[in-house]
Amino acid sequence: MKQSRIFLDSYVLQQDMRIRMPKAILENVNAIKGKTIFDVFYDAEEDAIVLKKQEGKEEDE
């Protein structure tokens with residue numbers, strides 16, 4: 001695993017495909033509930049889903 005990754009928490013994938021975000025994401029990524037947009041990537045080498053905050057973009061701007 002990449003050294004720059006910080007483990008925040010583990011959650012179950014819900015039946016409706018939602019994943020609850022840990023509260024720590026608000027401080028670590030400066031996310032705003034209901035506004036911050038994330039890009040979703042699949043890392044095939046690590047078999048991992050990666051979320052990346054879109055810089056400078058918020059919902060309802």
Side-chain angles (χ1 to χ4, degrees):
M1 185 169 1
K2 295 180 182 177
Q3 297 294 346
S4 62
R5 290 194 184 162
I6 299 169
F7 177 77
L8 298 178
D9 212 335
S10 296
Y11 289 96
V12 173
L13 177 65
Q14 302 295 314
Q15 288 186 340
D16 64 359
M17 300 298 290
R18 289 179 296 139
I19 298 175
R20 183 180 171 137
M21 302 294 279
K23 289 182 182 177
I25 202 165
L26 297 173
E27 295 145 12
N28 285 286
V29 183
N30 294 321
I32 301 169
K33 293 180 190 178
K35 297 227 177 236
T36 302
I37 299 172
F38 288 91
D39 293 326
V40 181
F41 299 91
Y42 174 66
D43 183 332
E45 286 182 18
E46 294 195 31
D47 192 27
I49 301 294
V50 178
L51 298 177
K52 183 173 187 216
K53 178 181 166 187
Q54 281 189 359
E55 292 299 322
K57 282 199 169 182
E58 303 281 324
E59 274 280 312
D60 302 319
E61 274 193 83

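Fair warning: this is a prediction, and the values are worked out from it, not measured in the lab.
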Of all heavy-atom pairs linking T36 and N30, the shortest is OG1-O, 4.4 Å

Side chain to side chain contact (heavy atoms under 4.5 Å, CB included) partners for Y11, two or more places apart
D9, I19, R20, P22

List, by chain and number, the other hydrophobic cluster members for I32, where Ile, Leu, Val, Met, Phe, Trp and Tyr join if side-chain heavy atoms come within less than 4.5 Å, directly or indirectly.
none

Please tell me whether V29 and V40 are part of a single hydrophobic cluster in this structure, the criterion being side-chain heavy atoms less than 4.5 Å apart.
yes

Within a strict 4.5 Å, meaning less than it, do heavy atoms of the N28 and L8 side chains meet?
yes

D47: which residues meet the salt bridge (Lys or Arg N to Asp or Glu O under 4.0 Å) condition with it, sequence neighbours left out?
none

Kindly give the cluster partners of V12, where membership spreads through any ILVMFWY side chain lying under 4.5 Å from a current member.
none

Should I49 and M21 be counted in the same cluster of Ile, Leu, Val, Met, Phe, Trp and Tyr side chains packed under 4.5 Å apart?
yes

What residues, two or more places apart in sequence or in another chain, satisfy side chain to side chain contact (heavy atoms under 4.5 Å, CB included) together with D39?
F41, Q54

Could I get the full list of side chain to side chain donor-acceptor pair (under 3.5 Å) partners for R18, not counting sequence neighbours?
D16

Give me the atom names and distance for the closest heavy-atom approach of F38 to A31.
CZ-CB, 4.2 Å

Heavy-atom pair with the smallest gap, counting every atom of S10 and F7:
OG-CZ, 3.4 Å

A quick test of your reading: do over 12 heavy atoms of other residues, nucleotides or ligands sit less than 6.0 Å from CG of L13?
yes

